[in-house]
J.: 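This is the structure I want to talk about, given as structure tokens.
So that the names make sense, note that chain A is the first sequence line, chain B the second, and so on, each numbered from 1.
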Amino acid sequence: MNRELEKHPDPAELERRWYSWWMEKGLFEGDETAGGDPYTIVIPPPNVTGILHMGHALNSTIQDVLIRWQRMKGRNALWVPGTDHAGIATQNVVEKALAKEGITRDDLGREAFVERVWAWREQYGSTIVNQLKMLGASCDWGRTRFTMDEGLSDAVLEVFVRLYDKGLIYKGNYIINWCPRCRTALSDEESEHQDTNGHLWYIRYPIQGGTSKDYVTVATTRPETMLGDVAVAVNPRDERYRGLIGKTVILPVIERELAVIEDDFVDPEFGTGVVKVTPAHDPNDFELGQRHDLSPLNVMNEDATMNSAAGQYEGQSRETCRENLVADLERLGLLDRTEDHRHAVGHCYRCDTVVEPRLSPQWFVKMKPLARPAIDAVKDGRIKFVPERWTKVYLDWLENIRDWCISRQIWWGHRIPVFSCQDCNHSWAAKGSPTTCPSCGGSKIQQDPDVLDTWFSSWLWPFSVFDWPRDNESLKLYYPTQTLTTASEIIFFWVARMIMSGLEFMGDIPFSEVYIHGTVRDDDGLKMSKSLGNSIDPLEIIEKYSADSLRFSLMMLTATGQDVYVSDEKFKTGRNFGTKIWNAARFMNMHTNEFSGSVHEPKFDIELLSPDDQHILIKLHKTAEECEENLVKFRLNDAAKSLYEFFWHQYCDWYVEYSKEILYGDDEARKENTLLIMHHVFSSALRLLHPFMPFLTEELWHAMGYNTVHESIMIAPFPVALKASQLKSGGVHAAAESYVDAKHDLIREARILRANYNLTPSQKVNYIVKPASDELAQRLMSDQHSVATLLKAESITVDSEYEPDRATPGGLSRLGHVYMPLESLIDIEKELGRLNRQIAKVGEQLDKVTRKLDNMDFVNRAPATVVEHEKERKKGLLEEHEKLQQLIDMLSDNSS
RNA sequence: GGGCGAUUAGCUCAGCUGGCUAGAGCGCUGCCUUCACACGGCAGAGGUCACAGGUUCAAGUCCUGUAUCGCCCACCA
């Protein structure tokens with residue numbers, strides 16, 4: 001039964017209603033027992049404590065469009081949702097909350113703290129999930145996974161033990177990126193380089209046994225680390241310092257003796273050509289120190305305050321120490337000079353604190369052996385990146401991959417499953433909680449206190465969500481997945497590592513296509529972020545306009561892989577479009593009592609098809625075709641645009657207007673037929689649109705009564721474009737399209753005439769059409785009514801012999817000339833001005849074409865079709881030029 | 001230092017395999033509150049496609065270089 005529709009939809013109400021209905025009906029659920037052709041997407045798991053931002057909205061909408069589209073195409077579609085425990089980020093959030101209560105994690109102790117985090121997760125963990133639901137995400141929520149769930153934790157342990165036993169996980173003392181605020185190690189990827197204005201301090205190190213004028217000058221960007229210097233190095237080929245090698249210099253302030261060593265690493269061109277060697281605080285120096293057998297000297301604590309090795313600076317922060325030390329050097333006359341220096345400084349990706357290179361014992365994964373297969377999988381095309389340019393970024397990273405530091409000195413995360421025996425020092429990796437040492441049988445067992453990098457669980461996501469390592473039907477059917485949709489920021493963190501782990505543990509790629517979408521920015525081009533305060537909250541947009549508006553607008557804006565610039569204003573596009581469709585439905589419902597047709601087997605009578613009917617059917621199929629092609633290529637904006645163009649400009653602007661002639665007329669058979677066509681077209685277009693605007697289309701599916709055939713639009717078949725030959729057997733001929741296009745052209749010309757003479761709608765006009773050919777004359781004769789209706793004209797006269805009078809304004813269309821005989825309404829000066837401007841333009845183009853056609857190179861070398869086209873164009877331009885000249889002459893006569 | 005992307009109407013952007021008479025949305029101007037929709041209709045104004053060379057019958061599109069903006073990668077202190 002058709003429902004009467006209000007003037008505007010009530011999105012908040014209908015979105016809530018349909019979402020719960022979909023859930024009740026289980027329409028989002030994948031069924032591994034159903035077999036078929038699976039189409040699987042695993043969601044990039046958002047942080048469990050996160051809230052939905054525009055980036056999530058974009059990312060999730062893309063995935064939902066893809067999954068809904070594939071589901072309608074009949075594939076066994078499954079979108080697996082879940083959240084990430086986000087070790088450092090979540091721990092930080094909880095620590096902040098504790099700070100408000102005046103306590104630290106140390107006050108609580110490890111166990112109690114972890115409990116607090118779990119409690120936090122219980123309280124806030126479903127926020128982002130609920131927000132995704134508001135967006136309309138059709139995830140199979142019953143399969144929601146969390147990276148700290150038992151099953152996923154089991155996968156983490158399994159993987160750790162396997163890699164450990166294979167010798168791919170090792171522990172070592174190396175310089176890592178250390179965040180002094182989070183007090184943990186970071187991976188290279190977690191240290192973000194930012195260009196920073198700093199200084200280069202030139203410091204004099206006196207030479208032992210020399211006079212006060214004997215010193216070497218060393219340049220450094222971090223003077224405080226000099227307290228940890230253990231040598232000074234020069235390049236062996238550097239003539240300037242030949243005599244220095246083997247001598248001893250005195251570290252200022254601390255007055256420690258430092259050997260001068262030689263090493264090829266030193267660049268004579270940079271600074272003074274003399275480098276201070278600080279193995280505990282710089283990765284290069286660390287290696288240098290190893291080559292020369294120098295023991296590192298760590299001068300900082302975990303929180304980057306100076307430790308006892310820093311002598312008088314002990315207890316100061318690295319910043320304070322720097323200031324004081326520089327002042328002291330200056331006072332001692334040992335600061336040679338200071339230069340401005342711009343350089344990249346690492347910052348913690350979670351808290352933005354300046355990262356300190358720190359020597360410490362950490363766990364690493366050997367990456368080279370894992371990288372090889374991942375490189376091959378992309379090189380041989382098993383995995384494709386869209387846009388393709390990311391392939392290079394991916395390969396460059398993998399080809400220069402470095403070992404992955406996976407240990408974190410925090411408490412929230414998967415504890416490293418390495419145990420050691422206090423009695424015999426044996427250590428081993430194990431999945432359970434061993435109580436005896438496998439080597440000596442001792443019972444004093446200790447587990448490593450560190451936890452694993454968050455990404456050590458996320459990299460298993462495409463199979464851990466299916467309960468790997470447990471063998472099961474879901475895993476068999478849904479792995480490998482098809483499409484991974486994400487932002488470029490996490491290609492290294494996540495995408496590359498998933499490919500490596502998939503190949504290593506499943507022996508197969510985790511997905512076949514990776515679609516990298518753009519970054520969401522504000523209208524000033526800034527990346528949206530909470531700290532900048534420039535973010536537009538997707539939930540506010542949903543509340544203000546609707547989830548469908550948000551989705552559709554985002555899709556219109558997201559040119560493949562380009563960044564997306566959003567503003568509140570832009571979301572009106574989707575809202576207005578929704579209302580337009582809504583009102584088209586409303587119009588139809590005013591003329592139908594009950595819809596009884598079949599939406600995918602149109603029942604209209606092909607004998608009664610008018611040219612306009614055929615035209616809209618052809619456009620519908622072209623739209624379906626474009627939609628499909630663009631979705632396949634991830635050109636979601638083009639797919640959205642073709643739907644927008646079709647619904648609005650083809651269907652509403654032309655076909656609905658055309659239909660009024662019939663619906664308000666009295667030919668009952670044609671009335672019925674027109675309505676059947678409208679329902680066929682509308683229901684098809686709704687289905688094409690459904691992936692983009694799921695709620696509104698479902699609402700209208702029901703309101704129009706289409707649910708009698710398929711109870712939900714979600715599971716109605718996605719329209720398939722018919723070929724010209726198939727359309728023909730359905731009574732739809734290609735010629736109708738060009739005729740109606742020409743008719744639209746004619747109507748436009750006639751409207752321009754009206755507009756130019758400032759006629760009010762009440763002023764009825766008689767148009768005279770002089771058709772361009774006999775065939776068109778025939779068609780037009782039998783179609784006059786529709787033209788007259790669309791023009792709201794008094795009458796249309798088709799006259800092949802018509803010769804215009806003086807001062808009869810006219811226009812040229814593809815269908816022929818259209819004239820508007822008027823007596824006294826012309827503002828001659830104005831009209832002459834317009835015509836002169838027009839003729840100038842036409843003249844210009846005519847010159848261009850003529851020159852082109854006079855060029856024998858063009859005529860001889862360009863393809864025949866192109867030359868033919870230019871000839872046609874010249875003909876048309878000549879005709880138009882002539883007509884304009886005629887009009888100008890007539891008007892000039894008239895005025896004289 | 002290396003790489004990538006962008007530069008097209010006032011704004012935000014399309015323009016895919018060269019044939020373009022350069023498009024859309026928003027904004028702007030004029031007319032229209034006509035019985036689906038003013039979140040609307042009709043019409044209009046607005047562009048030396050960043051710059052300089054080159055290839056080609058033909059360049060917004062391909063090549064080379066320059067400039068500006070943005071992003072990513074990088075252990076020169």
J.: Using atom C1' of each nucleotide, how far apart are B:U34 and B:U21 to the nearest Å?
T.: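 B:U34 and B:U21 have their C1' atoms separated by 35 Å.
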
J.: Could you tell me how far apart A:I490 (CD1) and B:C72 (P) are, to the nearest whole angstrom?
T.: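 In whole Å, B:C72 P lies 14 Å from A:I490 CD1.
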
J.: Checking contacts here: which listed nucleotide (B:A36, B:A38, B:C76) is nearest the side-chain heavy atoms of A:A584?
T.: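 From the listed options, B:A36 comes nearest.
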
J.: Report the base-pairing partner of B:G40 (Watson-Crick or G-U wobble, both distances below 3.5 angstrom), or none.
T.: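 WC or wobble partner is B:C32.
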
J.: Got a salt bridge between A:E625 and A:K622, using NZ or NE/NH1/NH2 to carboxylate O under 4.0 Å?
T.: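 Looking at A:E625 and A:K622, the cut-off is not met.
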
J.: So, is A:Y394 near the phosphate of B:C73, with a side-chain N or O under 4.0 Å from OP1 or OP2?
T.: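 For B:C73, OP1/OP2 do not have a side-chain N/O of A:Y394 under 4.0 Å.
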
J.: So which nucleotide does B:G18 pair with, by the Watson-Crick or G-U wobble rule with both distances under 3.5 Å?
T.: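 Check on B:G18: unpaired, no WC or wobble geometry under 3.5 Å.
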
J.: Should B:G46 form a Watson-Crick or G-U wobble pair with both distances under 3.5 Å, which nucleotide is its partner?
T.: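 The base-pairing partner of B:G46, which may sit in any strand shown, does not exist here.
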
J.: Using atom P in both nucleotides, what's the gap between B:G1 and B:C76 to the nearest angstrom?
T.: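 About 12 Å, rounded to a whole number of Å.
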
J.: Now, which nucleotide makes the Watson-Crick or G-U wobble pair with B:U61, with each of the two distances under 3.5 Å?
T.: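 Pair assignment: B:U61 / none.
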
J.: Report which part of the nucleic acid A:V656 touches: base, sugar-phosphate, or nothing (heavy-atom distance under 4.0 Å, all strands).
T.: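 A:V656: base contact, heavy atoms under 4.0 Å.
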
J.: Sticking with atom P, work out how far B:G15 lies from B:U8, rounded to a whole angstrom.
T.: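 Result for the P pair: 14 Å, nearest Å.
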
J.: Take atom CE of A:M590 and atom C1' of B:C37, then tell me their distance rounded to the nearest Å.
T.: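 These atoms are roughly 11 Å apart.
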
J.: Below 3.5 Å, does any donor atom in the side chain of A:R389 face an acceptor in the base of B:C4, or the other way round?
T.: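 Counting by modelled atom types and ignoring angles, no donor-acceptor contact under 3.5 Å is found here.
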
J.: Does OP1 or OP2 of B:C11 have a side-chain N or O of A:K570 closer than 4.0 Å?
T.: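 Indeed not, no polar side-chain atom of A:K570 lies that close.
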
J.: Hey, does A:P357 reach any base, or is it just sugar-phosphate, or nothing, if we go heavy atoms under 4.0 Å?
T.: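 Nothing, no nucleic acid heavy atom in range.
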
J.: Identify, between A:W397 and A:L200, the residue whose nearest nucleotide on RNA chain B lies closer to the 5' end.
T.: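 Here A:W397 is the residue nearer the 5' end.
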
J.: Looking across every strand, which nucleic acid part, if any, lies under 4.0 Å from A:E657 by heavy atom: base, sugar-phosphate, or nothing?
T.: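 Counting heavy atoms under 4.0 Å across all strands, the contact made by A:E657 includes a base.
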
J.: If the P atom of B:A59 is compared with that of B:C73, how far apart are they to the nearest Å?
T.: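 40 Å, rounded to whole Å.
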
J.: How would you label the contact of A:K572 with the nucleic acid (heavy atoms, under 4.0 Å): base, sugar-phosphate, or nothing?
T.: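 If one applies the 4.0 Å heavy-atom cut-off, A:K572 turns out to touch nothing in the nucleic acid.
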
J.: So A:A585, base contact, sugar-phosphate only, or nothing? Heavy-atom distance under 4.0 Å.
T.: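 Since no nucleic acid heavy atom lies under 4.0 Å of A:A585, the category is nothing.
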
J.: Scan A:H649 against the nucleic acid and name what it touches under 4.0 Å (heavy atoms): base, sugar-phosphate only, or nothing.
T.: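 Result for A:H649 = sugar-phosphate.
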
J.: Of the nucleotides B:C16, B:A45, B:A77, which one has an atom closest to the side chain of A:K841?
T.: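 The closest nucleotide is B:A45.
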
J.: OP1 or OP2 of B:A38 sitting under 4.0 Å from any side-chain N/O of A:K7?
T.: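 So the side-chain polar atoms of A:K7 do come within 4.0 Å of the phosphate oxygens OP1 or OP2 of B:A38, strictly under.
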
J.: Could you check which of B:U21, B:C37, B:C35 has an atom nearest any side-chain atom of A:K852?
T.: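 Output: B:U21.
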
J.: Taking the C1' atom of each, how far is B:C37 from B:C42, in whole Å?
T.: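 Roughly 15 Å separates the two C1' atoms.
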
J.: Indicate, with a heavy-atom threshold strictly under 4.0 Å, whether A:R748 touches base, sugar-phosphate, or nothing.
T.: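 Sugar-phosphate, no base atom in range.
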
J.: Look through every strand shown and name the nucleotide pairing with B:A6 as Watson-Crick or G-U wobble, where both distances are under 3.5 Å.
T.: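 The base-pairing partner of B:A6, which may sit in any strand shown, is B:U68.
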
J.: Has A:K580 got a side-chain N or O lying under 4.0 Å from the OP1 or OP2 atom of B:G41?
T.: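 Checking B:G41 against A:K580, a side-chain N or O does come within under 4.0 Å of OP1 or OP2.
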
J.: Output yes when a side-chain donor or acceptor of A:S549 lies under 3.5 Å from a complementary backbone atom of A:Y545, and no otherwise.
T.: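 Yes.
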
J.: Heavy atoms only, 4.0 Å cut-off, all strands: where does A:F492 land among base, sugar-phosphate and nothing?
T.: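 It contacts sugar-phosphate atoms only.
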
J.: With the side chain of A:E870 defined as its heavy atoms from C-beta on, choose the nearest nucleotide among B:A77, B:U21, B:C39.
T.: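 Among the listed nucleotides, the one closest to the side chain of A:E870 is B:U21.
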
J.: Output yes when a side-chain donor or acceptor of A:H517 lies under 3.5 Å from a complementary backbone atom of A:Y515, and no otherwise.
T.: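 No.
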
J.: Using the closest heavy atom to pick a nucleotide of RNA chain B for each, name whichever of A:T272 or A:H193 lands nearer the 5' end.
T.: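 Whichever sits nearer the 5' end wins; that is A:H193.
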
J.: Looking at A:F692 and A:L636, what are the two nearest heavy atoms and their distance?
T.: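 For A:F692 and A:L636, the tightest heavy-atom pair comes out as CE2-O, 3.8 Å.
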
J.: Of the options B:A36, B:A77, B:G19, whose atoms approach the side-chain atoms of A:A862 most closely?
T.: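 The nucleotide sitting nearest to the side chain is B:G19.
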
J.: Taking any strand in view, what nucleotide pairs with B:G27 in a Watson-Crick or G-U wobble way, both distances under 3.5 Å?
T.: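 Per the H-bond distance test, none.
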
J.: Counting heavy atoms from C-beta on, name the nucleotide in B:C76, B:C37, B:G19 closest to the side chain of A:F270.
T.: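 Shortest atom-to-atom distance from the side chain points to B:C76.
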
J.: Looking only at side-chain atoms of A:F265, point me to the closest of B:A77, B:C37, B:A14.
T.: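 In terms of side-chain proximity for A:F265, the closest of B:A77, B:C37, B:A14 is B:A77.
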
J.: So what does A:F286 touch, heavy atoms closer than 4.0 Å: a base, only the sugar-phosphate, or nothing?
T.: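 Result for A:F286 = nothing.
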
J.: Which pair of heavy atoms, one from A:M367 and one from A:D403, lies closest together, and at what distance?
T.: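 It is N-OD1, 3.2 Å.
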
J.: Find the distance A:R851:CZ to B:G19:P and express it as a whole number of Å.
T.: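 Distance check: A:R851 CZ to B:G19 P gives 20 Å.
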
J.: So A:Y664 and A:K660, do their side chains get closer than 4.5 Å, heavy atoms only?
T.: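 A:K660 reaches A:Y664 side chain to side chain.
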
J.: Within this structure, what is the CG-to-C1' distance between A:L395 and B:G2, rounded to whole angstrom?
T.: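 Answer to the nearest Å: 16 Å.
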
J.: In whole Å, what is the span from the OH atom of A:Y644 to the C1' atom of B:A24?
T.: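 Answer to the nearest Å: 9 Å.
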
J.: Nearest to the side chain of A:R635, which nucleotide is it out of B:G25, B:G5, B:C16?
T.: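 So the nucleotide nearest the side chain must be B:C16.
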
J.: When the P atoms of B:U17 and B:U66 are considered, how many whole Å apart are they?
T.: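 Rounded to whole Å, the distance is 25 Å.
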
J.: Would you classify A:R751 as touching base, sugar-phosphate or nothing, given that sugar-phosphate means primed atoms plus P, OP1 and OP2, and contacts are heavy atoms under 4.0 Å?
T.: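 Sugar-phosphate contact only.
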
J.: Rounded to whole angstrom, note down the C1' distance from B:U61 over to B:G25.
T.: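 It comes out at 23 Å once rounded to the nearest Å.
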
J.: Grab the CG-C1' distance between A:N576 and B:A36 for me, whole Å please.
T.: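 In whole Å, B:A36 C1' lies 15 Å from A:N576 CG.
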
J.: Let's see if you can work this out: which of B:A77, B:G44, B:A36 has an atom nearest to the side-chain heavy atoms of A:K660?
T.: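 Output: B:A36.
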
J.: Could you check how far CZ of A:R586 sits from C1' of B:C35, rounded to whole Å?
T.: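 Rounding to the nearest Å, CZ of A:R586 and C1' of B:C35 are 11 Å apart.
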
J.: Using a 4.0 Å heavy-atom cut-off across all strands, classify A:W648 as base, sugar-phosphate, or nothing.
T.: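 Sugar-phosphate contact only.
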
J.: Which residue, A:F571, A:F552, A:F646, A:W582, forms the ring-ring contact (aromatic ring centres under 6.0 Å, His included) with A:F577?
T.: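 Testing each of A:F571, A:F552, A:F646, A:W582 against A:F577, the sole residue satisfying ring-ring contact (aromatic ring centres under 6.0 Å, His included) is A:F552.
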
J.: State, without any angle test, whether A:T558 and A:N637 hold a side-chain donor-acceptor pair at a distance under 3.5 Å.
T.: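 Note: A:T558 and A:N637 side chains miss the donor-acceptor criterion.
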
J.: Pick base, sugar-phosphate or nothing for A:D267, based on heavy-atom distances below 4.0 Å to the nucleic acid.
T.: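 Base contact - A:D267 has a heavy atom under 4.0 Å of at least one base atom.
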
J.: Students often get this wrong, so: under 4.0 angstrom with heavy atoms, is A:K874 touching a base, only sugar-phosphate, or nothing?
T.: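 Nothing, no nucleic acid heavy atom in range.
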
J.: Whole angstrom is fine here: how far is it from CD in A:E6 over to P in B:C37?
T.: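 It is 13 Å, rounded to the nearest whole Å.
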
J.: Is the shortest distance from a Lys or Arg side-chain nitrogen in A:K544 or A:D568 to a carboxylate oxygen in the other one below 4.0 Å?
T.: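 The answer is yes: the pair qualifies as a salt bridge.
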
J.: Would you indicate which nucleotide in B:C37, B:A77, B:C26 comes nearest to any side-chain atom of A:E569?
T.: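 Per side-chain heavy atoms of A:E569, the pick is B:C26.
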
J.: Could you tell me which non-hydrogen atom of A:P223 sits nearest to which non-hydrogen atom of A:V326, and how far apart they are?
T.: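 Shortest heavy-atom contact: CG-CG2, 3.9 Å.
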
J.: For the C1' atoms, the ones on B:C20 and on B:C49, what distance do you get once it is rounded to whole angstrom?
T.: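 Comparing C1' positions in B:C20 and B:C49 gives a spacing of 11 Å.
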
J.: Over all strands shown, is A:D653 touching base, sugar-phosphate only, or nothing at heavy-atom distances under 4.0 angstrom?
T.: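 Since only primed, P, OP1 and OP2 atoms lie under 4.0 Å of A:D653, the category is sugar-phosphate.
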
